[in-house]
Amino acid sequence: MIITVATTPFEGQKPGTSGLRKKVTVFQQKHYVENFIQSIFDTLEGYSGRMLVIGGDGRHHNDRVVQTAIRMAAANGFGRALVGRGGLLSTPAASHLIRKHGAFGGLVLSASHNPGGPDGDFGIKYNAGNGGPAPEKLTDEIYARTKSIGSYRITGTPDVDLDRLGECQVGSMLVEVIDPVADYAELMQTLFDFDAIRHLIRSGFTMKFDAMGAVTGPYGTRILEEMLGFPRGSVMNGTPLTDFGGHHPDPNLVHAKELVAQVMPEGGPDFGAASDGDGDRNLIIGRGMYVTPSDSLAILAANATLTPGYAGGLSGIARSMPTSAAADRVAARLGIPCYETPTGWKFFGNLLDAGMATLCGEESFGTGSSHVREKDGLWAVLMWLNILARRRQSVKEIVTGHWREFGRNYYSRHDYEEVDAEAANGLMGALRGRLGALVGQHGITLADDFAYDDPVDGSRSTKQGVRLLFEDGSRIVYRLSGTGTAGATLRVYLERYEPDASRHAIDTQEALGRLVTLSRSLAEIEARTGRSAPTVIT
Ligand code: VG1
Ligand code: CO
């Protein structure tokens with residue numbers, strides 16, 4: 001039943017910040033998916049007879065790749081495959097399943113926040129036995145293998161019926177199609193006080209959750225509406241569609257505008273939230289108050305003990321380097337360490353496994369904890385709901401109160417999307433070449449290219465973003481995206497700390513105005529890319 005198919009390498013099968021991401025049309029080339037999956041299997045050792053978790057965010061091509069992955073897992077000697085019904089699994093749910101069942105690893109099919117549909121993007125990520133994204137060492141090995149691959153193994157078996165729960169045999173591998181939501185929902189109940197949230201709802205508290213036509217629809221509907229009792233319709237865009245209903249499933253103020261328009265005005269619901277394509281990101285808003293992801297991490301950390309899962313306190317906090325230092329202030333107050341890692345969730349894995357950090361966050365709408373090894377959108381929503389249920393204050397009151405206590409880190413990210421790749425690399429190269437010369441200018445006290453030494457395994461990751469630190473504690477950070485599929489995206493991160501509560505109500509872009517102007521001139525953004533302004537501001 002096992003067929004060995006001869007193949008030749010494809011160029012550019014290099015995993016980026018989070019897996020291999022390309023246009024759907026690239027993945028549709030004959031052997032493209034097979035080459036990459038076989039390269040993953042060839043790089044792993046000891047999986048014979050073990051379990052593989054398989055699922056994705058339901059975007060175009062998901063169904064085909066799930067079937068291919070099942071056949072290849074069977075042909076390569078896995079003993080069992082756990083597959084979400086309909087081929088669906090959110091990224092955090094997949095992480096949980098790997099951990100819960102002691103699986104060898106998992107394949108998560110998603111291009112996350114990137115657009116879907118036949119002309120959109122597709123992606124494949126490999127998660128290891130701890131439930132977390134493959135570390136850099138492993139993705140480097142996988143990439144090396146893609147360059148020399150000569151054949152792959154696959155069974156000649158028919159498609160598995162993914163819509164029917166239950167077991168079936170594919171070659172010598174047992175396939176189990178499971179409810180994608182059940183285990184995850186059970187885990188959430190162990191972390192949060194669902195009764196307290198039910199009380200809050202009965203007192204008249206309202207919310208809207210925007211699943212953006214992506215994978216969190218079934219998770220949000222089951223947990224928020226059916227289990228907690230929010231009225232039907234609280235979840236919007238709750239049916240996963242192959243093109244996300246035309247949504248760009250990136251939960252920020254620009255792409256979640258339907259939600260923002262409902263929640264921000266007077267008379268809107270008390271709380272609004274959204275998640276991305278694969279369910280690992282979160283957007284949190286209250287009436288008249290957008291919570292930046294950096295602030296959200298800090299506020300969750302400061303209030304964590306109000307929730308059952310974290311009542312015993314936190315061992316530490318970790319944030320990606322470009323994320324604001326708001327969480328650092330909370331960590332200092334709590335007397336726990338705060339770690340600064342490169343961008344991408346894979347860098348949190350070791351800290352979580354070692355019990356050194358409990359909460360982690362990224363400025364890119366990613367927050368999570370030691371409950372899984374991925375960022376987790378609905379987890380963040382439920383943690384906010386639990387805190388709101390205990391504090392009985394509005395989101396706005398909680399956020400402004402936090403600023404009064406800890407000071408406010410004004411924060412914004414400016415993205416220059418799809419710029420010419422050569423120009424973008426030239427810009428970064430020029431900045432790197434001038435690091436020494438920049439110190440002393442404009443109050444810059446430190447200019448470097450961020451490098452990270454993992455405190456657990458000692459590995460070093462270099463070139464993780466150019467940082468400019470100013471004498472008043474402000475920062476500008478420049479890095480190129482590792483998740484885009486067309487040209488290059490330059491991300492510029494801006495941060496300024498304001499301790500004075502009488503200056504906490506300034507518009508963010510205005511508060512950061514001087515830094516914004518400087519960020520453009522210092523890096524010669526317009527001269528080098530032809531862009532006088534960013535395409536997305538968050
Ligand atoms: C972006 C974010 C990063 C995040 C990554 C994956 O990466 O900046 O913080 O971990 O996306 O998120 P980049 O390299 O484009 O800046 V997800 O939800 O798209 O898997
Ligand atoms: Co995502």
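When a residue number appears, it is its place in the shown sequence, counting from 1. Counting starts at 1 for both ligands and their atoms, following the listed order. Owing to the predicted nature of the structure, the values given are computational and were not obtained by experimental measurement. No hydrogens, no waters, no symmetry mates; every other heavy atom, side chains included, goes into these values.
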Can a salt bridge be assigned to the pair [X] and [Y] using a cut-off of 4.0 Å between side-chain N and carboxylate O?
X	Y	result
Glu363	Arg475	no
Arg319	Glu340	yes
Arg59	Asp121	no
Asp415	Arg413	yes

Heteroatom of [X] nearest to the Co ion (ligand 2) (N, O or S, atom name):
X	result
Asp280	OD1
Asp278	OD1
Asp276	OD2

Handout entry: Main-chain N/O of Glu417 paired with Thr535 side-chain donor or acceptor, under 3.5 Å
Key =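 Yes, because the side chain of Thr535 sits within donor-acceptor range (under 3.5 Å) of the backbone of Glu417.
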Practice task
Give a yes or no answer on whether the side chain of Gln464 reaches the backbone of Thr462 with a donor-acceptor pair at less than 3.5 Å.
Solution key: yes
Handout entry: N, O or S from Ser112 under 2.8 Å to the Co ion (ligand 2)
Key =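 Given the 2.8 Å cut-off, Ser112 counts as a ligand of the Co ion (ligand 2).
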Could you tell me, atom by atom, which parts of ligand 1 come under 4.0 Å of a heavy atom of [X]?
X	answer
Ser18	6 (C), 20 (O)
Ser112	17 (V), 18 (O), 19 (O), 20 (O)
Gly344	10 (O)
Arg491	8 (O), 13 (P), 15 (O), 16 (O)
Gly482	13 (P), 14 (O), 15 (O)
Arg479	8 (O), 13 (P), 14 (O), 16 (O)
Thr17	5 (C), 7 (O), 13 (P), 14 (O)
Asp280	18 (O), 20 (O)

Practice task
Please step through salt bridge (Lys or Arg N to Asp or Glu O under 4.0 Å) for the pair Lys137 and Asp457, ending with a clear verdict.
Solution key: CA-CA 11 Å; Lys137 186 177 167 296; Asp457 66 14; over 6 Å; no
Which protein heavy atom lies closest to [atom], and at what distance to 0.1 Å?
atom	result
atom 12 (O) of ligand 1	Lys375 NZ, 2.9 Å
atom 7 (O) of ligand 1	Thr483 CG2, 3.5 Å
atom 2 (C) of ligand 1	Ser364 OG, 3.5 Å
atom 19 (O) of ligand 1	His113 ND1, 2.2 Å
atom 11 (O) of ligand 1	Arg281 NH2, 3.0 Å

Fill in the blank from the handout: Closest non-hydrogen contact found for Tyr416 with Val419 is O-CG1, 3.8 Å
Practice task
Tell me yes or no: between the side chains of Ser294 and Thr323, is some donor less than 3.5 Å from an acceptor?
Solution key: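 Ser294 vs Thr323: no donor-acceptor pair found between side chains.
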Handout entry: Proximity of Asp276 to ligand 1 by residue part, where a heavy atom lies under 4.0 Å
Key = side chain
Practice task
Determine whether the side chain, the backbone, both or neither of Lys346 has a heavy atom under 4.0 Å from any heavy atom of ligand 1.
Solution key: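 Neither part.
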Fill in the blank from the handout: Closest heavy-atom approach to atom 20 (O) of ligand 1 among Arg21, Glu362, Glu374 is made by Arg21
Handout entry: Cation-aromatic face contact Arg222/Tyr184, 6.0 Å, 45 degrees
Key = no
Practice task
Among Lys463, Arg432, Arg467, find the residue that satisfies the salt bridge (charged side-chain N to carboxylate O under 4.0 Å, His left out) test when tested with Asp449.
Solution key: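 Among the candidates, only Arg432 passes.
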Problem - More than 12 heavy atoms from other groups under 6.0 Å of CD on Gln509 - result: yes
